[in-house]
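Start at 1 and go down the list; that is how both ligands and their atoms are numbered.
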Amino acid sequence: MAVSYPRKVLNSIGPKEVFTEVVKERKAQVLFLNSYRFNEQRSCAELTNLLEALDGKPQELCREISHHINDEARHAVWLTDLLCELGEDIGNPKSGSYIDELNALFDKGADAVQQEDGLISALASINATEKRGCQTFSAHIAALRQAPATEENQRIRETLEKILPEEAGHVRWGSRWLGQIASRSPEHRQRVNAAKSKYALIEQAAFEAVMDITAGAELRRLGHLVEIANTLPAWERPGYVLERLPQALLAPNLQKSRLFAVQRVLEDKPEKLVEQFIPMFLSGLRHPRPPMATSQN
Ligand SMILES: [Fe+2]
Ligand SMILES: [Fe+2]
C-alpha cells in the first residue's frame with residue numbers, strides 16, 4: 001500500500017538541518033517549544049469538536065478519542081510547565097498557526113463525520129498531523145543529542161522524549177482505524193488510500209505555510225492549492241482554488257512572520273541580516289514550485 005510521508009521544505013531543507021540550527025539559538029528553540037505547546041493545546045479543542053460531532057457513535061472510537069484528548073492535554077501541560085520553568089512566555093505564537101492553516105485548506109464540501117467518508121477524512125487528517133508531530137519531535141531530540149548537554153537542553157530533551165512515544169501511539173491508532181475501514185472492501189481500501197494521499201498533501205501545505213517564509217512562498221502556496229484541488233472532483237476544483245487564492249497570494253500571516261524574523265535578526269545579530277538572512281530569504285527563488293510528493297511502498 002502506498003503511504004505518503006511528510007516531505008522536506010523547499011526540496012532541500014529537511015527537519016534534521018532545521019533542528020541542528022534551532023538548538024544552537026535559545027530564542028529559536030523557545031519559539032519552537034511554544035508552538036508545540038500551542039498546537040498540543042489547540043488539538044484538544046479540535047478533537048473535542050470531532051467528539052461532539054460524532055455524538056457518541058461509534059462508541060469505541062469516541063472512547064478512544066476522549067483518551068487521545070487526555071494525552072494531548074498532558075503534552076500541553078508538560079510543555080507549559082517546561083516553558084514556565086525556563087522563565088519563558090506562554091502567549092500565543094506571533095507567527096501563523098499550523099492548525100489554522102490546516103483548517104483553511106480543508107475542503108468545506110467534505111462529508112460530515114457521521115458519514116463514512118467524513119470519518120475517513122477526519123482520521124486521515126489526524127494521522128497526517130500525528131506523523132508530522134513524530135517527525136518533528138524525533139528530529140528535535142536527535143539535534144539535542146548532538147548539542148551541548150546543558151541542564152536546560154537536558155530538561156527540554158526529557159520533555160520531548162516523554163511526548164514522542166505517545167505521538168507514535170496516536171499514529172498507530174489512526175492507522176489501525178483506517179486499516180479496519182479499508183479491510184471492509186476493495187472500494188473502501190481505495191477511498192481510504194485516496195483520503196490518505198489528499199490529507200498528506202493538505203498537511204504538507206499547512207506545514208510549509210508556517211515554515212516557509214522565503215521569497216516566492218506565495219507562489220509555492222498557490223502550487224499546493226492546485227495539487228490539493230486535483231484530488232477533488234473536477235467541478236469543485238476552480239471553487240476550491242478561487243476561495244483560497246487571496247489568502248495564498250496576500251498571506252497576511254506570512255508577511256507578519258517575515259517581519260517578525262527580520263526583527264529578531266536585527267535585535268540579536270544585526271550583522272547576520274546581510275550576511276545570512278537576505279541570502280536565505282532569496283534562496284526561495286530557486287524553488288518556485290512546491291517539492292514533488294514522495295511515497296514509499
Ligand atoms: Fe501531542
Ligand atoms: Fe498526538
Inset, instruction - Return the set of residues passing salt bridge (charged side-chain N to carboxylate O under 4.0 Å, His left out) with Arg184 (not counting sequence neighbours), or none when no residue passes. - result: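 Arg184: salt bridge (charged side-chain N to carboxylate O under 4.0 Å, His left out) contacts with Glu116.
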
Salt bridge (charged side-chain N to carboxylate O under 4.0 Å, His left out): which pairs involve residues 252-261, sequence neighbours left out?
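For residues 252-261: Glu218-Arg258.
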
Can you list the protein N, O or S atoms less than 2.8 Å from the Fe ion (ligand 1)?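 Within the sphere that stays under 2.8 Å of the Fe ion (ligand 1), the protein atoms of type N, O or S are Glu40 OE1, Glu40 OE2, Glu72 OE1, His75 ND1, Glu167 OE2.
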
Spatial distance of atom CD (Glu40) from atom OG1 (Thr80) [nearest 0.5 Å]: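 Separation between the atoms: 9.5 Å.
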
Subject >> Parallel, tilted or perpendicular: ring planes of Trp173 versus His68, cut at 30 and 60 degrees >> reply: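 Geometry flag for His68 against Trp173: perpendicular rings.
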
With Tyr98 via side-chain hydrogen bond (donor to acceptor under 3.5 Å, both in side chains) - residues at least two apart
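Applying side-chain hydrogen bond (donor to acceptor under 3.5 Å, both in side chains) to Tyr98 gives Glu203.
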
Open item on the list: To check you understand the geometry: which heavy-atom pair defines the closest contact between Ile99 and Ser43, and what is its length?
Closed with: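 That would be CD1-N, 4.0 Å.
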
